[in-house]
Every structure is written in C-alpha cells, then in structure tokens.
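A short worksheet on the structure shown next.
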Amino acid sequence: MSIRTGIEQGILTIEFDRIDKKNAITAAMYQAMADALRAAETDRNVRAILLLGKPEIFTAGNDLEDFMQRPPTAGEGAEQAPVFQFLYQISHATKPIVAAVSGAAVGVGTTMLLHCDLVYASDTAKLSLPFVQLGLCPEAASSLLLPRLVGYQRAAEKLLLGEAFSAQEALEMGLVTRVLPVAELHDFALQQARKLAALPASSLRETKRLMKAGDVAAVEKQMADEGTVFRRMLVAPEAKEAFAAFFQKRRPDFMKFE
Ligand code: COA
C-alpha cells in the first residue's frame with residue numbers, strides 16, 4: 001500500500017512508506033490517505049493528525065508513471081479521483097494536522113503543507129513546486145494560498161520557475177513553522193502532536209474553523225478551477241514530454257510547443 005497509518009494516544013499517524021520510489025504518491029496511496037482523513041473526522045480516538053515522510057525524503061510528489069498510465073482526467077467522476085479526494089479531505093480537516101518534512105517535498109508534497117497547521121521542516125528539507133516544469137498547473141489551491149501567504153512575487157518565483165528552495169527560505173516566507181536538525185524532527189513533531197491531543201478538542205476545532213472560515217469558499221472555488229485545468233494539462237503534449245523526459249533521464253524540450 002505504501003502508506004502506513006496508525007492511531008496511538010489520540011494521534012493518527014499517516015506515513016509515506018515507499019522509499020524505493022522516493023515516496024512518490026500513487027492513486028492507491030492518495031486513496032488510503034483520503035480514507036484515513038475521512039475516517040478521522042468521526043473517530044473520537046483521533047484528536048490530532050501527524051503526517052510523516054522518511055528522514056531521507058518527504059515525498060517526490062505525484063507518481064509520474066501513475067499519472068501517465070492512469071490520468072485522473074476522463075469522463076464522469078474525474079473530480080472524485082483519489083488525488084482530488086485527498087485534497088478535499090486535507091483542506092477540510094477539522095482536526096489539527098502536524099507535518100514533519102525532511103528531504104525533498106515535491107509538488108503536492110509542498111502544496112499539502114498549505115493545509116497543515118503546524119509544519120516542521122528539517123534543515124535538509126527542499127521544497128519545490130515544479131508544476132510548470134512538468135507542463136501542468138498548480139493544485140491544492142496553492143495558486144491562491146501561496147501568493148496570499150508569501151506575496152505575489154515570491155510565489156511567482158516558486159510557481160513559475162519551479163526551482164527547489166530550502167527549509168530556511170520556507171521559514172522566512174511563513175510556509176513552515178520551525179526548522180529543526182533532521183535527527184530531532186520526527187520526535188519534535190510527535191511531541192507537538194501529543195500536546196495538541198491533550199488539549200480540549202472542541203477549542204482546537206473551533207479555533208481552526210475560525211482561522212480558516214473566511215477562506216473556505218475561495219479555496220473550494222480555486223481547487224475546482226485548478227482541477228479543471230490540471231486534468232486538461234495532464235494529457236496535453238507538454239506534460240507527456242515532461243514525463244517522458246523524466247523517465248528517459250533527459251532534459252525536456254518544450255520549444256516545439258507554442
Ligand atoms: N514518480 C514516479 N517515480 C519516481 C518519482 C515520481 N514522482 N520520483 C522518483 N521516482 C523514482 C525514479 O524513477 C527512480 O526509480 P528507479 O529506481 O526505478 O529508476 C527512483 O524513484 C529514484 O529516483 P531518482 O530520481 O533516481 O532519485 P534522486 O534522489 O536522484 O532524486 C527527486 C529525487 C525527488 C529529486 C527526483 O526523483 C525527482 O525530481 N522526482 C520527480 C519529482 C516530480 O516531478 N514530481 C511530480 C510533482 S507534480
């Protein structure tokens with residue numbers, strides 16, 4: 001399955017566990033995460049959620065082979081593809097989410113952080129949003145939330161060029177909460193999740209809801225707009241060239257496209 005989940009002492013842990021493929025996320029993995037988040041909403045045993053990768057890597061983002069073979073694009077119900085279910089659940093989660101990011105956090109590995117509450121990154125973390133480099137467009141409402149969070153020009157540099165940036169830069173931009181040595185990251189994130197689990201759940205829920213209430217409709221609309229464009233671009237020649245280039249270990253050639 002490549003996603004490990006477990007509930008202990010009030011904390012639902014969701015962990016990427018596909019290190020041989022750099023924790024790249026397949027449709028089955030999105031489905032497992034969406035299901036775990038959905039179940040957590042009504043599970044009284046879950047008081048906080050902890051999202052983990054491996055010390056070497058958080059996630060290489062969407063599994064590109066999966067995207068090529070089974071793009072969540074065609075026909076009725078495309079909006080219900082596992083990736084979109086996951087984005088819906090994480091963006092509507094009412095319980096607090098703590099993320100621990102170490103190594104690369106590519107694409108959705110970074111955009112999902114915009115929906116987490118406490119984001120801890122190791123000093124080895126490298127975030128990136130290479131949607132344009134892949135012939136795609138942003139998702140997870142990142143085209144709305146990132147400019148709002150960090151300012152248009154800084155968001156434009158990250159989203160248009162798609163180059164990786166450090167945990168320290170992410171901290172300065174306000175995208176992560178704190179940077180820690182990699183050896184301390186997971187323990188620290190767990191301690192913070194334990195603190196949340198011990199607090200009054202109703203107060204946490206209402207506080208999170210109040211902080212986000214003004215954005216809910218705009219985030220939903222942006223995600224729907226992004227989803228429409230994303231599904232179209234996923235099967236367009238530019239994305240096909242980008243994916244093929246990745247697996248052929250060569251540079252993509254976009255100059256042949258208008
Ligand atoms: N989808 C599918 N497979 C992936 C993957 C992805 N997103 N990212 C890595 N892999 C696979 C590689 O194909 C390789 O498989 P192989 O051993 O069978 O050849 C394996 O994971 C190791 O990847 P590799 O690129 O050799 O590791 P690296 O340490 O040199 O680089 C990354 C790590 C994450 C920087 C690099 O793999 C990468 O850029 N991945 C693509 C990220 C991406 O574009 N994601 C989509 C965002 S929307």
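Positions are given from 1, in the same order as the sequence printed here. All of these numbers come straight from a predicted model, not from anything done at the bench. First listed ligand is number 1; within each ligand, the first listed atom is number 1.
No side-chain heavy atom of L175 sits less than 4.5 Å from a side-chain heavy atom of V119. A heavy-atom distance below 4.5 Å is not found between the side chains of L51 and V101. With a 4.5 Å cut-off on side-chain heavy atoms, V106 and T59 do not count as touching.
For ligand 1, the polar-atom distance check finds an N/O of K22 within less than 3.5 Å of one of the ligand's N/O atoms. Ligand 1 has no N or O atom lying under 3.5 Å from any N or O atom of P130, backbone or side chain.
The atoms of ligand 1 that sit less than 4.0 Å from any heavy atom of D20 are 20 (C), 21 (O). For ligand 1, the atoms lying closer than 4.0 Å to a non-hydrogen atom of V106 are 42 (C), 43 (C), 45 (N), 47 (C).
Around atom 34 (C) of ligand 1, the closest heavy atom drawn from G109, A60, G162 belongs to A60. Of the candidates Q133, K21, E56, K249, it is K21 that places a heavy atom closest to atom 17 (O) of ligand 1.
L134 CD1, 3.6 Å is the protein heavy atom nearest to atom 47 (C) of ligand 1. For atom 35 (C) of ligand 1, the closest non-hydrogen atom on the protein side is A104 CB, 4.9 Å. Closest to atom 38 (C) of ligand 1, if we only count protein heavy atoms, is F246 CE1, 3.7 Å. The closest protein non-hydrogen atom to atom 6 (C) of ligand 1 is A24 CB, 3.5 Å. The protein non-hydrogen atom at the shortest distance from atom 7 (N) of ligand 1 is N62 O, 2.9 Å.
Ring-plane geometry between Y88 and H92 is classed as parallel, the angle between the planes falling under 30 degrees on a 0 to 90 degree scale with a further cut at 60. Ring pair Y120/F188 is perpendicular by interplanar angle, where above 60° counts as perpendicular and below 30° as parallel.
Between the side chains of E139 and T111, at least one donor-acceptor pair of N or O atoms lies under 3.5 Å. A donor-acceptor contact closer than 3.5 angstrom is absent between the side chains of R47 and Q9.
When all heavy atoms are compared, the tightest approach of P82 to A27 is CB-O, 3.3 Å.
Within the 4.0 Å cut-off (strictly below), a protein heavy atom is located near atom 2 (C) of ligand 1. Within the 4.0 Å cut-off (strictly below), no protein heavy atom is located near atom 26 (O) of ligand 1. Distance check for atom 40 (N) of ligand 1: a protein heavy atom is found below 4.0 Å. Atom 30 (O) of ligand 1 lies below 4.0 Å from none of the non-hydrogen atoms of the protein.
Contacts of D63 with ligand 1, taken as heavy-atom pairs under 4.0 Å, involve both backbone and side chain.
Seen from the ring of F84, R231 counts as a face-on cation partner, given the 6.0 Å and 45° thresholds.
We find the CG-CD1 distance between N45 and I7 to be 6.5 Å, quoted to the nearest 0.5 Å.
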